[in-house]
Amino acid sequence: STKKKRTVWPGDGKTDAMHLTCSPNGKWVAFLKPVPPRDKYQIFLIDVDGTNLRQLTFDEEHNTFYPAWSPDGQHLAFEVEGVIYKATIQ
C-alpha cells in the first residue's frame, strides 16, 4: 500500500500549532495554537479533510494544554491552570 501525505491545514508558517491529536473515530484533529493579542494557547478542531476549522476554547488569560480524546471520540479533555475540563464534541 502507498501512503500519501496530505496537508489538512496549510497555516501561514507562523501558527506555532502543537499537540496535534486525531480523534479515535477519525473525524477530527485537535491541536493547540496561540491566539492574539495575548498569544495564549487555545484548542482548535479541524475535520481531517481540512475543512471546518473552529476554535474550541476561548480563555484570553490562560494557556490551554494537553488535549486528549475520550475513547468514543465524543469528548475532549484538556487542562487549564491545573484543572481538567471536558468538552463535548459534535
Side-chain angles (χ1 to χ4, degrees):
S1 80
T2 302
K3 294 189 178 201
K4 294 181 181 179
K5 290 183 180 181
R6 179 172 39 157
T7 301
V8 295
W9 179 47
D12 58 8
K14 304 177 208 170
T15 59
D16 295 325
M18 63 182 197
H19 295 290
L20 284 78
T21 180
C22 189
S23 64
N25 58 16
K27 292 183 179 181
W28 303 291
V29 174
F31 61 93
L32 302 178
K33 131 181 178 49
V35 176
R38 302 198 60 200
D39 289 333
K40 296 297 181 182
Y41 279 89
Q42 301 302 310
I43 295 176
F44 286 77
L45 297 176
I46 192 168
D47 293 357
V48 294
D49 67 1
T51 61
N52 203 19
L53 175 67
R54 58 207 179 274
Q55 188 173 345
L56 181 66
T57 59
F58 296 86
D59 189 331
E60 294 181 2
E61 300 297 320
H62 304 98
N63 288 307
T64 302
F65 289 113
Y66 314 115
W69 291 97
S70 63
D72 63 6
Q74 294 183 8
H75 305 280
L76 192 67
F78 55 93
E79 182 263 334
V80 178
E81 293 290 298
V83 178
I84 305 296
Y85 296 91
K86 179 179 81 171
T88 299
I89 308 300
Q90 298 177 348

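Only heavy atoms go into these numbers, but all of them, side chains included; no hydrogens, no water, no symmetry mates.
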For this session: Decide side-chain contact (heavy atoms from CB on, under 4.5 Å) for Tyr41 and Met18; before the verdict, give the C-alpha distance in whole Å, the side-chain angles of both, and the deciding distance to 0.1 Å.
Result: CA-CA 9 Å; Tyr41 279 89; Met18 63 182 197; 3.9 Å; yes

Exercise. Between Asp59 and Thr57, does a side-chain contact (heavy atoms from CB on, under 4.5 Å) hold up when you go through it step by step?
Worked result: CA-CA 6 Å; Asp59 189 331; Thr57 59; 5.7 Å; no

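One finds the CZ atom of Phe44 at 9.5 Å from the CG atom of Leu56 (value rounded to the nearest 0.5 Å). Here CZ of Phe58 is found 8.0 Å from CD of Gln42. Values are rounded to the nearest 0.5 Å. Note that the CD1 atom of Ile43 and the CG atom of Leu32 stand 6.0 Å from one another [nearest 0.5 Å]. Here the straight-line distance linking atom CG of Leu45 with atom CZ of Phe31 works out to 8.0 Å at 0.5 Å rounding. With values rounded to the nearest 0.5 angstrom, Lys40 atom NZ is found 7.5 Å from Glu61 atom CD. To the nearest 0.5 Å, atom CD of residue Gln55 and atom NZ of residue Lys33 are 8.0 Å apart.
You'll find the side chain of Trp28 stays beyond 4.5 Å of the side chain of Ile46, heavy atoms only. The shortest distance between side-chain heavy atoms of Asn63 and Arg38 does not fall below 4.5 Å.
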List the atom pairs, donor and acceptor, that lie under 3.5 Å between side-chain atoms in residues 72-84 and the rest of the protein, sequence neighbours left out.
| from | atom 1 | to | atom 2 | distance (Å) |
| --- | --- | --- | --- | --- |
| Asp72 | OD1 | Ser70 | OG | 2.6 |
| Asp72 | OD1 | Gln74 | N | 2.9 |
| His75 | ND1 | Thr88 | OG1 | 3.4 |
| Glu79 | OE2 | Glu81 | N | 3.2 |
| Glu79 | OE2 | Gly82 | N | 2.4 |

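Ser23 and Asn25 form a side-chain donor-acceptor contact under 3.5 Å, judged by distance and modelled atom types alone.
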